[in-house]
Amino acid sequence: MSNPSIPTSISERFRPEHWLLFALIGALVAGVIAFYGCNFFATRDLREMAAAPNGGLEWLRREFHLSGAQFQKIEALQSAYAPVCNEMCRRITDANLKLDRLVSENHEVTPELAAAIREAGLVQKECQQQMLAHIYQVSAQMNPADAQNYLRLMKSRVIQPALSSDTAVRATTE
Amino acid sequence: MDDDQLKLKLASWEVRPEIPPDFQRNVWQKIAVRESKPKLPLFGNWNISWLRRPGLATCAVILGGLAGSGFGLIESSQANSRNWKSLEAKYVQSIDPYEHLRTL
């Protein structure tokens with residue numbers, strides 16, 4: 001029941017408590033939608049990159065500002081290195097399995113165990129050499145400043161994973 | 001005046017109530033004024049008539065959206081940083097057999 005002579009706009013039909021409730025719920029809903037919307041769209045590019053099979057190479061391209069030609073050459077180098085890397089993986093696995101078996105079977109360092117330790121070490125050295133050769137080949141395709149950054153990063157991530165890359169340098173200068 | 005005269009007088013008395021023309025309108029106005037008064041005991045006697053306006057809800061929605069966008073951008077920046085690190089690790093795994101075997 002209402003009187004037509006009384007103005008009944010939407011703002012007057014609701015009590016202040018209702019407007020307060022609408023404001024709180026509206027703010028909450030808008031905030032949640034904005035949060036997930038921003039988060040979704042702002043992270044979409046990198047999420048897609050991470051899910052892609054060549055995400056690592058795409059990271060290299062962006063991190064070290066590679067041109068199209070540089071990227072193509074590095075992609076070719078990576079394709080050529082992949083079988084080498086897989087072969088190294090196989091040799092490491094074989095050497096480590098053999099070493100693990102001999103360590104479990106023996107109670108002293110037998111000649112066979114010593115040979116297995118040497119072999120595991122050799123495989124590790126060879127692996128490092130192959131990897132370093134590939135890293136140098138890749139860095140040779142980059143601009144000088146980016147190549148320096150790449151080598152510094154690879155040194156810290158690959159060559160001395162357990163040590164800071166400038167440990168030896170620091171020790172001689174201190 | 002004796003009782004009979006009084007009874008006669010009362011019997012002849014006729015009441016003709018006259019309702020003012022805007023009586024109904026005034027009643028509705030008074031109801032509207034009463035309903036418009038804030039009834040939030042939590043706020044005591046504060047003037048909270050501004051809570052009535054839809055502008056408040058609009059401002060709140062806009063502010064909520066802005067706050068949500070801000071937090072979303074901060075969170076996405078952190079997520080991007082994590083994704084960037086994981087992509088770096090993915091590249092290292094692709095060239096380092098030991099790192100590759102470690103993640104199998």
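Throughout, protein chains are lettered first and strands after them, A, B, ... in sequence-line order, and every chain is numbered starting at 1.
- B:V92 and A:L153 end up in the same hydrophobic cluster when Ile, Leu, Val, Met, Phe, Trp and Tyr side chains are linked at under 4.5 Å.
- Looking at every heavy atom in both residues, B:Y91 comes nearest to A:Y150 through OH-OH, 2.7 Å.
- Here the SG-OH distance, from A:C89 to B:Y98, works out to 10.0 Å after rounding to the nearest 0.5 Å.
- Heavy atoms only, all atoms of each residue included: A:Y81 and B:P97 are closest at OH-CD, 4.2 Å.
- Here OG1 of B:T58 is found 12.0 Å from CZ of A:F22. Values are rounded to the nearest 0.5 Å.
- Put simply, of A:R91, A:H134, A:Q124, A:Q130, the one with the most heavy-atom pairs under 4.5 Å next to chain B is A:Q124.
- Of all non-hydrogen atoms in A:A27 and B:A60, the two that sit nearest each other are CB-O, 3.2 Å.
- Of all the listed residues (B:S77, B:A57, B:S69), the one sharing the greatest number of non-hydrogen pairs under 4.5 Å with chain A is B:S69.
- Other residues, nucleotides and ligands contribute at most 12 non-hydrogen atoms within 6.0 Å of the CD1 atom of B:I19.
- Under the 4.5 Å side-chain heavy-atom criterion for ILVMFWY residues, no single connected hydrophobic cluster contains both A:L24 and A:V32.
- Residue A:M154 is grouped with residue B:W84 when hydrophobic side chains (ILVMFWY) are merged at heavy-atom distances under 4.5 angstrom, including chains of intermediate members.
- In this structure, the side chains of B:L87 and A:E63 stay at 4.5 Å or more apart for every pair of heavy atoms.
- Residue-environment remark: CZ (B:F71) stays at or below the threshold of 12 foreign heavy atoms within 6.0 Å.
- Within the 4.5 angstrom heavy-atom criterion, no atom of A:E87 approaches chain B.
- Closest approach of A:M131 and B:I95 over heavy atoms only: CG-O, 3.2 Å.
- Using a 4.5 Å heavy-atom threshold, the side chains of A:W59 and B:K90 count as separate.
- Linking ILVMFWY residues whenever their side-chain heavy atoms come closer than 4.5 Å, directly or via other members, places A:Y136 and A:L57 in the same cluster.
- Scanning both residues, A:A30 and B:V61, for their nearest heavy atoms gives CB-O, 3.4 Å.
- Going from atom CG of B:N80 over to atom CG of A:L46 covers 4.5 Å, rounded to the nearest 0.5 Å.
- The CG atom of B:N83 sits 7.0 Å away from atom OG1 of A:T43, with the distance rounded to the nearest 0.5 Å.
- Atom CE in A:M88 sits 10.5 Å away from atom CG in B:D96 (nearest 0.5 Å).
- Cluster membership check: A:L60 shares its hydrophobic cluster with A:L132, using side-chain heavy-atom separations under 4.5 Å among Ile, Leu, Val, Met, Phe, Trp and Tyr.
- For A:R90, no part lies under 4.5 angstrom from a heavy atom of chain B.
- Atoms CE and OG, on A:M49 and B:S86 in that order, are 9.0 Å from each other to the nearest 0.5 Å.
- Heavy atoms of A:V84 lying under 4.5 Å from chain B are absent altogether.
- Interface remark: A:C127 contributes side-chain atoms only to the contact with chain B (heavy atom separation under 4.5 Å).
- There is no contact between A:I33 and chain B, counting heavy-atom distances below 4.5 Å.
- If you measure heavy-atom distances from A:L28 to chain B, you find no contacts under 4.5 Å at all.
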